[in-house]
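Everything below concerns the one structure shown next.
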Amino acid sequence: MIRVLLADDQHLVRGALSALLSLEEDITVVAGVADGAAAVEAAAEHRPDVVLLDIEMPVMDGITATARILQAVPTAKVLILTTFGRPGYLRRAMDAGASGFVVKDTEPERLAEAVRKVRAGQVVVDPDLAVASLERGQDPLTEREREILRAAEHGDTVAGIARRLSLSEGTVRNHLSSAIGKTGARNRAEAARVARENGWL
C-alpha cells in the first residue's frame with residue numbers, strides 16, 4: 001500500500017481528495033491536515049510514502065513545508081497539488097525537493113497515477129506548466145528581494161519594511177528598485193503583483 005498524507009487548508013478539498021484516493025486499491029490516506037506546519041509534524045509521525053501538498057496554506061506554505069518534510073522523512077516523496085499553476089511555483093517546488101507538481105483540475109485517475117509514479121521515484125510535472133516555466137525562464141529575484149516584496153504587498157512604507165526586516169531604509173529602497181527593474185514594473189505594488197502572478201513570491 002502507498003501511504004499518503006494530505007495537506008490542504010480547504011476542508012472540502014481535503015475530504016474529496018481523501019475519498020477519491022481511498023477508492024484506489026493500492027493507496028491509503030494516513031492523515032489529512034490544514035497547514036504546512038501540521039504537515040511537517042504529521043509526516044514525522046506517520047512517515048508516509050507520498051505527501052500531497054497545497055502551496056498556499058496558512059502557518060507555513062507548501063514549498064517551505066516540502067523542504068522540512070524531506071529533512072524529517074528523507075524516504076518520503078512530495079507531490080505538489082495546487083490551484084495556482086504558476087511557473088515560478090514549479091521551479092521553487094522542485095528546488096525544494098518536490099517530486100511532482102500537478103494542478104487541482106487533474107482527472108482523479110491521473111492524480112492516482114501521479115502518486116504511484118512519484119512513489120516509484122519518477123518526476124511528474126504538469127506539461128503545460130513545464131512549458132510555461134521554460135518560456136518564462138529563471139526567477140530573477142534574490143531571496144532578499146522576495147522578502148522585501150512580500151512586505152511591500154501589505155502596503156508597508158519603506159520605513160515600516162526596514163523596521164520589520166531590521167534593515168536600513170537605504171537597503172530597502174535599493175532592493176525595491178532592483179526588484180522593480182527585474183519585473184519590468186512601474187512601482188513596488190506592481191512589482192509585487194507581477195512576482196506573485198509568476199509564482200516568485
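These numbers come from the heavy atoms of this one structure, side chains and all, not from hydrogens, waters or symmetry mates. The structure displayed is predicted, hence computed values, not measured ones.
- Within the 3.5 Å criterion, the main-chain N or O of Glu190 finds a donor-acceptor partner in the side chain of Asn187.
- Of the inter-residue distances, the one linking Leu21 atom CG with Leu52 atom CG reads 6.0 Å to the nearest 0.5 angstrom.
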Solution key, residues 5-13 side-chain donor-acceptor pairs under 3.5 Å, sequence neighbours excluded:
residue, atom, partner, partner atom, Å
Asp8, OD1, Gln10, N, 2.8
Asp8, OD2, Lys104, NZ, 2.6
His11, ND1, Arg14, NH2, 3.2

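- The closest side-chain heavy-atom distance from Pro48 to Val4 is not below 4.5 Å.
- Glu56 places none of its side-chain heavy atoms less than 4.5 Å from the side chain of Asp61.
- To the nearest 0.5 angstrom, Arg92 atom CZ is 7.0 Å from Thr64 atom OG1.
- Looking at heavy atoms from C-beta onward, Leu81 lies out of side-chain contact with Leu53 at the 4.5 angstrom threshold.
- Residues Glu25 and Met1 form no side-chain contact, since every pair of their non-hydrogen atoms from C-beta on lies 4.5 Å or further apart.
- Looking at Lys77 and Lys117, their side chains never come closer than 4.5 Å, going by heavy atoms from C-beta outward.
- Distance alone, capped at 3.5 Å, places no donor-acceptor pair between the Ser22 side chain and the Ala19 backbone.
- Hydrophobic clustering (ILVMFWY, side-chain heavy atoms < 4.5 Å, transitive): Ile63 and Ile69 are in one cluster.
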Donor-acceptor list for residues 27-47 side chains, cut-off 3.5 Å, not counting sequence neighbours:
residue, atom, partner, partner atom, Å
Asp35, OD1, Ala37, N, 3.0
Asp35, OD1, Ala38, N, 2.7

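- A salt bridge links Arg173 to Glu169: at least one charged side-chain nitrogen sits closer than 4.0 Å to a carboxylate oxygen.
- Here Glu143 pairs with Arg146 in a salt bridge; the nearest charged N to carboxylate O distance falls below 4.0 Å.
- Looking at Val51, Leu79, Val102 one by one, the single match for side-chain contact (heavy atoms from CB on, under 4.5 Å) with Val118 turns out to be Leu79.
- Here the CD1 atom belonging to Ile161 is positioned 5.5 Å from the CG atom belonging to Leu176, to the nearest 0.5 angstrom.
- Heavy atoms only, all atoms of each residue included: Thr66 and Gly97 are closest at CG2-C, 4.1 Å.
- Applying the side-chain hydrogen bond (donor to acceptor under 3.5 Å, both in side chains) criterion to Lys182, with sequence neighbours excluded, gives Glu145.
- Between Glu147 and Arg144 there is a salt bridge, since at least one side-chain N of the basic residue sits less than 4.0 Å from a carboxylate O of the acidic one.
- Hydrophobic clustering of Ile, Leu, Val, Met, Phe, Trp and Tyr side chains at less than 4.5 Å, counting indirect connections, keeps Val59 apart from Ile80.
- Side-chain atoms of Thr183 come within 3.5 Å of backbone N or O of Ala179 as a donor-acceptor pair.
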Given Leu165 and Val172, is the side chain to side chain contact (heavy atoms under 4.5 Å, CB included) satisfied, shown in steps?
-> CA-CA 9 Å; Leu165 301 179; Val172 170; 5.7 Å; no
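- By the rule that hydrophobic residues join a cluster once side-chain heavy atoms approach within less than 4.5 Å of another member, Leu167 and Ile180 end up as members of separate clusters.
- Looking only at side-chain heavy atoms (C-beta outward), Ile55 and Phe101 come within less than 4.5 Å of each other.
- Of the candidates Asp26, Val50, Val124, Leu111, Arg116 forms a side-chain contact (heavy atoms from CB on, under 4.5 Å) with just one, namely Asp26.
- Checked options Arg164, Arg188, Arg150; the residue passing with Asp156 is Arg164 (criterion: salt bridge (Lys or Arg N to Asp or Glu O under 4.0 Å)).
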